[in-house]
Trainee: 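For reference, the structure I am asking about is given below.
Predicted, not measured: the structure shown is a model, and the values here were computed from it. Residue numbering restarts at 1 for every chain, and letters A, B, ... go by the order of the sequence lines.
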Amino acid sequence: MRFAHPRRLFLAAIAFIAAHAAAHAQDLTASAPVDVSVTVYRDPYRNAGGFDLNNLNGFALITETRRVVLTPGQHRLRFEGVADGIEPASAIVTGLPSGVIEKNRDAALLSPAALVDAAEAQQGRVLLSRTAPNGTTSRREGVIRSGADGGVVFETPDGVEALRCSGLAETVSFEATRTGLSAQPTLSVLTRVNQRIEATVQLSYLARGFDWAADYIVSLSPDGRKLDVGGWITLANGNGTGFPNARVQIVAGRLNRESGEIEPIDFGRPILARCWPRGSTSDTPDPAYIERAYPLGFEPDRYSTRNYMAMPAPTAAMAESKMDDVVVTAARRAEQEDLGDLKLYRVPDRSTVASRQAKQVRLLDSLAVPVSRTYDFDLYPNNTMEFEPMEVILRTQNDTASNLGIPLPSGRVSVFETAGSGATSRRLLAGETSLRDLAVNEETEFLLSGGAAVQIRQTTESRQRPDPQPPGVKGQTIRTGARFNMVDLVEITNAHPFPIQAEVSVYLADNEELVRADRDPERKNGRPIFRMTVPANESLEFRYQTVEYN
Amino acid sequence: MSIRTILAASCTLVALQSALPAFAQDKALAITIYADDLALVQDKRPVDVTGGRQRIEFAGVSAQIRPETVSLSANGVTIVEQNFDFDLLTPAKLMEKAVGSVVTIVRVNPATGQEVREQAEVLATNNGVVLKIGERIEVLRDDGLPVRVIFDKVPENLRSRPTLSVTVDGDRRGSRPATLSYLTSGLGWRADYVALFDDASSKIDVQGWVTLTNSSGTTYDNADTTLVAGSPLRAGGGYDDQRYGRPQRPQLVTAGTETGDRERLGDFYLYPLAERTTIANMQTKQVSFLDVHGVPAKHGYEFRNYWMGTQEEPQSAKTVYRFATGSADGLGDQLPAGVLRFYMRDKQGDPQFIGESTIDHTPMGSTLSVSTGDAFDVKVKPVVEKRERLSSRRWRTTMKYTLSNASPRAVTVALQQDGLWGDTRIQSETMRSTRPNADMAEWQVNVPANGATELTVVFDSSY
């Protein structure tokens, strides 16, 4: 009858009072946010493609304004409902007249396992209910002696027993005031004031589980000389916390992130009814256990499967997303401003960044961007290569003359072309590519995989007596010690009914030089490049030769 | 029921509190936390010594205690042995420890709910519990019907959490203070800095916070806490602080030579917390230690190119902020290692995050150069224009660097060419370089607003 000893219970009560009196702090919950600003930053290590909605590795700066009334004394001011991905170390609290003594974030949330742990640690009373198969329920007071490794051992005046090992329906209930656990992710600060004040407090912090991506939709005009460029910003919140009526910004550019691991929110392990060995003389049933309930979006299998979601535009592909919904705001464009060496885009109206939601905002619309279409290939000399399709580069300049001239954040590009003409014409996806961060006035290239219509082949010919020998490259001397490589014959075939522009770069080793060629090479990025026009439905060939110095 | 009502209702009990041996106040905890997942816990509490041999239990020690570092000191007490029990109390262990002893089983009739009690001896727990009831042997719950098993007590060694116990030999009966001290992992700290950069005045406001994390599995109530900025681990199991990658580029431009007024422990500075604090398990706690305003900071750009590096596309230069930690025109403090986060106000005046960087333990009086990320508008395109082999051991390399600036103000980029190996000479250059070290040449290149600057350099090298 150890448990029922009155002195022990009494001591437990005293200990409880003492623990709270020692801190001298009164718990006080700040109001819900009256104003929220969310600035989303992209995953600094993700390439230009889309993000995985179930594994968002970007982050956000969240700034909340909350109201609070403080009476004289010491307070533990609680900010409930912060994002679950909060990086507690980044939290800044301003607006408290007396400043902040300390800031705390408890990772342990209210969960079945946390309740068991708290009841065990505090030796608090729990009520055990046991229901026999005939429906009679008996209740007994007791204490939890252990919640280690998932199994629960409790003690009642009857003695020591294990939860859910008898085959009867058993459960425990806990005292409501004794848990000390928050249901929502909570940040608290300790502050002390001398007089009653009503304060407007700003809390700002970085939180993980956000990301954004830029997506460009490029439509090529029928003559292939103009592009219409449309851009979307897709931002996503993978947190369990939503931000209603928020000011929303996104920041483009790569910034350093070095915070490393954060203490994740502890959702508690499942309470298992792990019992003694359950072997029987007939069958060995699996132990019964209480299923773990995961918060939405935190099922472990979601982390194991990395399915990168394609999000080129708000299309039918979205239906596959596990996100609750995708919201397309009206096509008012985000306003851009400089933020130091980064670019900030402001969503024009207040908007709700809901929990587990992806949202799209118009980034830009540029019509009739002049573009040149070039077929491109890189060759290595002294090497035979069978026919390969050449790649297509759509090239323009990011300036106002080209109807652009705005910073273009890195993102995925979907290129559409119109097939057919008149009533039967259809707009079809012609290619997908990516864009790096492009400043104003930079050369802008959309690299597409070309079709089979334009092919290139390189054949090495004899080194002995090239006949006829390609003429020498202007300004290129052959010095003593040069060893001639074989002559390379390059053929380009064009199955299009129109002439095309082609570019062939020659990648040379350090000790190689291009000395002879049928065409005059130019130079780009320190390498020889041949530029030529291949006539409609024709092919073209030329030869070149390199030397090597030892 | 709120805490306040409980307090009010229990007020009558408070008078009795002093008459009883106090619970919370009698334990005085002092914790010293080092920067590399190591903490020294000193736990002072009175123990009742019975005289002769006795076992003293210390519940609530860190679950990640290093038992070999435990020491207990009390007057007139000799330590016989120390035990750290980590056999956890689970239903299976409970049954295992009951082998050979008698438990009570309660059979419940599913139809009537009627209970039948019997005494049973536990014979074995190998893949099933075998019981001896009277002269019969049964397998527990072999028929699947409900059977409760009631144990008289919890075996001594089984605990819900690891517990330290010390067997001592006391000289005489009586209560006396004892100090238990041990090292534990699971407690750590680092610094977090918030730097707000003002572009117009080129000044930063810096706040410093120490961030304490506790994953040791235990809550430390009302502890007197001191933080040590440094890593005393050196021999044997010592390791570098692996939580943060070492910076790629040198951040400490000059190491400071000023002495701060903080308390020291050998070569390390101490950061005592002003008030006793409760460090809860799984808690992240922050306490302020630095708050300075209006420190001059220089905003600049840096780009480092590796030897023979050609970039097909222009690459962003790094954004760099440089500031001092000295008392004259700096932060005026030594900085414990941690993460420095930069913020800047947007057009609406709201601070926005612009990047962060880890910094090492930094003496006072140093100059730091910290990169926050890439500049969107300032880019560099290095190209190896020409490689000429002059002889078997002489090469001439022509490099062209194109620096572009899409921002509406002129910038200066510190352009660095690395990998010169000491014997590489610069034959000609369109701008004067400096050679901060034998391996690197540096040019301070001015790039006009919305413009570009080209720099051509010819290197003479042996490879």
Side-chain angles (χ1 to χ4, degrees), chain A residues 14-15 17-19 22 39 61 88-89 92 102-108 120 132-134 136 145-146 148-149 151 153 158-162 165-168 177 253-256 258-260 263 266 275-277 279-281 337 339-344 437 439-441 510-511 525-526 549, chain B residues 1 10 17 23-24 88-92 94-95 108 110-111 113 125 127-129 139 141-142 146-148 150-152 154 160 192 194 211 213 222 243-244 282-287 310 312 319 339 344 346-347 352-358 372-377 383-385 387 389 406:
Chain A
I14 293 290
I17 294 162
T39 307
L61 174 72
I92 306 167
E102 61 175 48
K103 291 184 281 195
N104 293 296
R105 197 282 308 244
D106 291 312
E120 188 274 326
N134 69 344
T136 52
R145 293 298 300 269
S146 177
D149 274 357
V153 176
D158 290 342
V160 180
E161 291 183 72
C165 294
S166 63
L168 296 166
T177 52
R254 204 200 62 80
L255 40 81
N256 282 358
E258 298 183 1
S259 287
E263 201 69 64
D266 181 11
C275 295
W276 32 78
S280 71
T281 52
E337 66 183 59
L339 174 70
D341 290 315
L342 305 168
K343 303 290 173 190
L344 183 133
D437 279 341
V440 172
N441 278 331
D510 260 3
N511 57 345
N525 291 349
Y549 293 95
Chain B
M1 205 174 8
S10 310
Q17 201 177 340
F23 233 44
L88 294 179
L89 172 57
T90 63
L94 195 59
M95 187 64 89
V108 184
T125 62
N127 269 333
V129 180
V139 175
R141 299 200 55 211
D142 198 24
V147 180
R148 285 168 60 197
I150 301 172
F151 304 83
D152 287 348
V154 173
S160 62
D192 278 283
V194 176
T211 306
T213 50
N222 222 9
R243 279 173 297 175
Y244 316 108
M282 298 294 286
Q283 186 178 59
T284 303
K285 177 186 288 296
Q286 288 195 299
V287 181
T310 288
E312 305 299 314
T319 300
V339 179
M344 189 175 203
D346 63 16
K347 287 224 170 91
Q352 300 285 2
F353 178 66
I354 57 168
E356 69 189 9
S357 185
T358 52
T372 57
D374 290 353
F376 199 101
D377 283 338
V383 165
V384 180
E385 278 290 311
R387 280 278 281 171
R389 182 157 198 167

Trainee: Any chance you could measure B:T319, atom OG1, to A:L255, atom CG, to the nearest 0.5 Å?
Mentor: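 So the gap between those two atoms works out to 9.5 Å.
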Trainee: If we ignore angles and hydrogens, is there a donor and acceptor under 3.5 Å between the side chains of A:D106 and B:Q283?
Mentor: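 Yes.
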Trainee: Of all the heavy-atom pairs spanning B:A406 and A:V440, show the shortest one and how long it is.
Mentor: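 Heavy-atom minimum between the residues: CB-O, 3.6 Å.
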Trainee: Check each atom of B:D192 against the heavy atoms of chain A and say whether the ones under 4.5 Å are side chain, backbone, both or neither.
Mentor: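 When you check distances to chain A, only side chain atoms of B:D192 fall under 4.5 Å.
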Trainee: Of the backbone (N, CA, C, O) and the side chain (C-beta and beyond), which part of B:T90 lies under 4.5 Å from a heavy atom of chain A, both, or neither?
Mentor: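 The answer is both parts of B:T90.
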Trainee: Under 3.5 Å, is there a donor-acceptor pair between the side chain of B:Q286 and the main chain of A:K103?
Mentor: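 No; zero donor-acceptor contacts below 3.5 Å.
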Trainee: Answer whether the closest heavy-atom distance between the side chains of B:V383 and A:N525 falls below 4.5 Å.
Mentor: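 Yes, close enough: below the 4.5 Å cut-off.
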Trainee: So which part of A:E120 gets closer than 4.5 Å to some heavy atom of chain B, the side chain, the backbone, both or neither?
Mentor: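 For A:E120, side-chain heavy atoms alone lie under 4.5 Å from chain B.
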Trainee: Where is the tightest heavy-atom contact between A:L342 and B:D374, given as atom of each residue plus distance?
Mentor: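 Looks like CD2-O, 3.8 Å.
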Trainee: Among B:Q352, B:M344, B:E385, B:R387, which has the most heavy-atom pairs under 4.5 Å with chain A?
Mentor: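 Among the listed options, the one with the most contacts to chain A is B:Q352.
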Trainee: Check this for me, if you would: do B:D377 and A:K343 make a salt bridge, where the nitrogen-to-carboxylate-oxygen distance has to be below 4.0 angstrom?
Mentor: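 So B:D377 pairs with A:K343 through a salt bridge.
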Trainee: Less than 4.5 Å to any heavy atom of chain A: does that hold for the side chain of B:T125, its backbone, both, or neither?
Mentor: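 Contact with chain A involves both backbone and side-chain atoms of B:T125.
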Trainee: Quick one: closest heavy-atom pair of B:P146 and A:L168, and the distance?
Mentor: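 Distance-wise, the nearest heavy atoms are CB-CD2, 3.5 Å.
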Trainee: What is the minimum heavy-atom distance between A:G159 and B:I150, and which atoms define it?
Mentor: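 Scanning both residues completely, I find the closest heavy atoms to be CA-CG2, 3.7 Å.
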Trainee: If I measure from the heavy atoms of chain A, does B:L94 come under 4.5 Å with its side chain, its backbone, both, or neither?
Mentor: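 It is the side chain, since no backbone atom gets that close.
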Trainee: Which atoms of A:L61 come close to chain B, meaning under 4.5 Å heavy atom to heavy atom: side chain ones, backbone ones, both, or neither?
Mentor: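 Only the side chain of A:L61 comes within 4.5 Å of chain B.
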Trainee: Considering only heavy atoms and a distance below 4.5 Å, find which of B:T211, B:V194, B:D346 pairs most often with chain A.
Mentor: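 Heavy-atom pair counts peak at B:D346.
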Trainee: Just how far is it from atom CD1 of B:I354 to atom CG of A:L344, taken to the nearest 0.5 Å?
Mentor: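 B:I354 atom CD1 to A:L344 atom CG measures 11.5 Å (nearest 0.5 Å).
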Trainee: If I compare all heavy atoms of A:E258 with all of B:E356, which pair ends up nearest, and what's the gap?
Mentor: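 Where A:E258 meets B:E356 most closely, the heavy atoms are N-OE2, 2.7 Å.
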Trainee: Looking only at heavy atoms, what is the nearest atom pair of B:F353 and A:L339, with distance?
Mentor: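 Closest heavy-atom pair between B:F353 and A:L339: O-CD2, 4.2 Å.
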Trainee: Which answer fits B:V384, side chain, backbone, both or neither, if we ask what part of it has an atom under 4.5 Å from a heavy atom of chain A?
Mentor: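 Contact with chain A involves the backbone of B:V384 alone.
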Trainee: Find the distance between CG (B:D152) and CG (A:D158) and round it off to the nearest 0.5 Å.
Mentor: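 If I round to the nearest 0.5 Å, the distance is 11.5 Å.
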